[in-house]
Colleague: 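Sharing a structure, written as structure tokens. Questions coming.
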Amino acid sequence: MIVDHRVLHEDFVPSEIEHRNDELNHLSATLEPVLDDDRPETAFLLGPTGAGKTCTAKYVLDELTNQRPDVQTAYINCWQEFTRFRVHYRLLEEIDQAIDVHRSTPKDQLFKLLREADDEPIVAVLDEIDQHEESETLYDLHRLPHVHLVLIANREEEMFAGFDDRVRSRLRAGTRVYFDRYGTDELVEILSERARQGLEPQVIDDDQIQSIAHTASGDARVGIGILHTAARIAAREGEEQITDEIVETAEPETRNKLRQQIIDDLTEHQRILYDVIEERGEVEPGELYDAYEEIVDDPNTRRTLRNYLSKMTHYDLIESNGDRGGRTYSLVGED
DNA sequence: TATCCACGGGAAATACAGGGAG
DNA sequence: CTCCCTGTATTTCCCGTGGATA
């Protein structure tokens, strides 16, 4: 059934990027000065999830390395690396300078290493930059003349809101590359290509791909996820073909799997909060805190619970309805 | 209207755990 | 082994907001 799992993985970068030529050329052109040791403008890739921002960025990094192998490139996802230390560390790691760096190495030391790694230009992609918590990070990186930044975010205003005052004004001048959702037709082509490379021939037909593209509503990540799940269900059930029923089950199953992954990463206390919310459906803050304190024998402070709640909101597990006065918490996607 | 209260969230202090050095 | 350094998680302290109450 499945010939090549990698192709169906969300972070796979295909050898040809479809329907993103303008964006791709725009980004390449922006970074081109690096090839002549000039300083390029900071590039912003903006648009909704699953619109090809990450894919395009990684593709351009590869292209850059091919044209000039000594340019150092780094891809860092700020969703995972959300402190200054981690970004610096990952960056050093990506450019192979992390030798002799350990946990008790002070931040300043990491920064010093970065500053001194200026033999060749470094192009660093910071994905989901709006998820990063320390605004100092960008300030640090921005003042290194040999580090050139590509910043990826969903929305421009929110991204700028999180910036340090000192960088905000300067970065306003950067180049913006906007990404739109894929059209259904475009998504169909992308999915067909992945199916062609990743699956045995003729296991899925055009109508089914059409249907997946439709449910994914322009989000390539979701579409590819559903395709992958569908293929796995078919394999598991020993089917020769992906049936319409399988396509239908694949959608909710993909969604649940994503959610389950996040839930599995929660700490015990966070999990208890989540369970209380799930059990009661919609719950007021006071009631939620009380219930939690009832269950746990050594409860954390309410301030900590608020941190947990905002984290879980962030991860789209729960949502808070109404801001102040009469706020309630509930699970996302089941009202 | 004046006051109170519950809640959210910023900032700083503190506790904790991992790891190197001696 | 202990001591000491660190980053990170949690707590402490606090203030602003807005709805409810007197």
Side-chain angles (χ1 to χ4, degrees), chain A residues 74 76-95 97-117 124 126 128-141 155 157-168 262-277 280-332:
Chain A
I76 297 170
N77 190 323
C78 297
W79 182 277
Q80 287 131 24
E81 325 295 334
F82 50 84
T83 66
R84 183 149 64 132
F85 178 83
R86 288 202 187 158
V87 168
H88 287 173
Y89 185 84
R90 283 283 301 150
L91 189 48
L92 283 170
E93 220 170 39
E94 294 266 309
I95 62 172
Q97 297 290 327
I99 334 115
D100 213 33
V101 174
H102 32 257
R103 202 169 136 56
S104 48
T105 309
K107 286 191 230 197
D108 303 354
Q109 184 65 22
L110 293 194
F111 188 61
K112 187 159 163 266
L113 284 170
L114 277 179
R115 188 164 3 105
E116 285 164 359
L126 300 186
E128 316 217 38
I129 186 69
D130 44 348
Q131 308 298 331
H132 190 74
E133 288 175 354
E134 281 184 88
S135 57
E136 289 276 295
T137 311
L138 268 185
Y139 175 69
D140 287 345
L141 296 182
R155 288 217 295 271
E157 312 82 59
E158 286 169 25
M159 176 183 68
F160 273 104
F163 284 178
D164 190 296
D165 286 337
R166 292 166 295 187
V167 256
R168 192 177 296 135
I262 302 174
I263 292 177
D264 289 344
D265 280 342
L266 296 178
T267 65
E268 188 194 341
H269 290 239
Q270 292 166 344
R271 181 64 184 272
I272 287 165
L273 279 177
Y274 181 85
D275 289 345
V276 170
I277 298 173
R280 316 225 170 170
E282 192 169 353
V283 59
E284 290 175 7
E287 189 190 343
L288 176 58
Y289 300 151
D290 289 344
Y292 161 84
E293 280 154 13
E294 191 73 22
I295 298 170
V296 183
D297 28 326
D298 190 15
N300 289 344
T301 14
R302 298 195 165 188
R303 182 68 186 86
T304 305
L305 300 190
R306 278 181 241 133
N307 286 340
Y308 291 163
L309 288 169
S310 74
K311 184 148 215 157
M312 279 153 63
T313 310
H314 204 75
Y315 280 73
D316 257 343
L317 283 177
I318 61 172
E319 60 189 355
S320 60
N321 317 296
D323 4 70
R324 326 202 119 263
R327 172 183 278 201
T328 59
Y329 294 99
S330 56
L331 295 194
V332 166

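Below, chain A is the first sequence line, B the second, and so on; all start at residue 1.
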Colleague: What is the distance, to the nearest angstrom, from the NE2 atom on A:His88 to the P atom on C:dT8?
Modeller: 12 Å

Colleague: Respond yes when some side-chain nitrogen or oxygen of A:Tyr89 is under 4.0 Å from OP1 or OP2 of C:dT8, and no when none is.
Modeller: no

Colleague: Please work out if A:Thr83 contacts a base, only the sugar-phosphate, or nothing of the nucleic acid, heavy-atom cut-off 4.0 Å.
Modeller: sugar-phosphate

Colleague: Does any non-hydrogen side-chain atom of A:Arg84 lie less than 4.5 Å from one of A:Asp140?
Modeller: yes

Colleague: Below the 4.0 Å mark, does C:dT10 have OP1 or OP2 next to a side-chain nitrogen or oxygen of A:Tyr308?
Modeller: yes

Colleague: Between A:Lys311 and A:Tyr274, is NZ or CZ placed under 6.0 angstrom from the six-membered ring centre and within 45° of the ring axis?
Modeller: no

Colleague: Give a yes/no answer on whether the side chain of A:Thr304 brings an N or O atom under 4.0 Å of OP1 or OP2 in C:dT10.
Modeller: no

Colleague: Where the side chain of A:Arg302 is concerned, which of C:dT11, B:dC7, C:dA9 is the nearest nucleotide?
Modeller: B:dC7

Colleague: Can you find a side chain N or O atom of A:Arg306 that sits less than 4.0 Å from OP1 or OP2 on B:dG8?
Modeller: yes

Colleague: With a 3.5 Å cut-off and just heavy-atom distances, do the side chain of A:Arg303 and the base of B:dG9 make a donor-acceptor pair?
Modeller: yes

Colleague: Quick check: do A:Leu288 and A:Leu305 have side-chain heavy atoms less than 4.5 Å from each other?
Modeller: no

Colleague: Side-chain N or O of A:Asn300 versus OP1/OP2 of C:dT11: is the shortest distance under 4.0 Å?
Modeller: yes

Colleague: Considering just the side-chain nitrogens and oxygens of A:Arg86, establish if one lies under 4.0 Å of OP1 or OP2 belonging to C:dT8.
Modeller: yes

Colleague: Please report the distance, rounded to the nearest Å, between CG in A:Asn307 and C1' in B:dA11.
Modeller: 12 Å

Colleague: With salt bridge (Lys or Arg N to Asp or Glu O under 4.0 Å) as the test, would you mind laying out the steps for A:Glu268 and A:Arg271 before giving the verdict?
Modeller: CA-CA 5 Å; A:Glu268 188 194 341; A:Arg271 181 64 184 272; over 6 Å; no

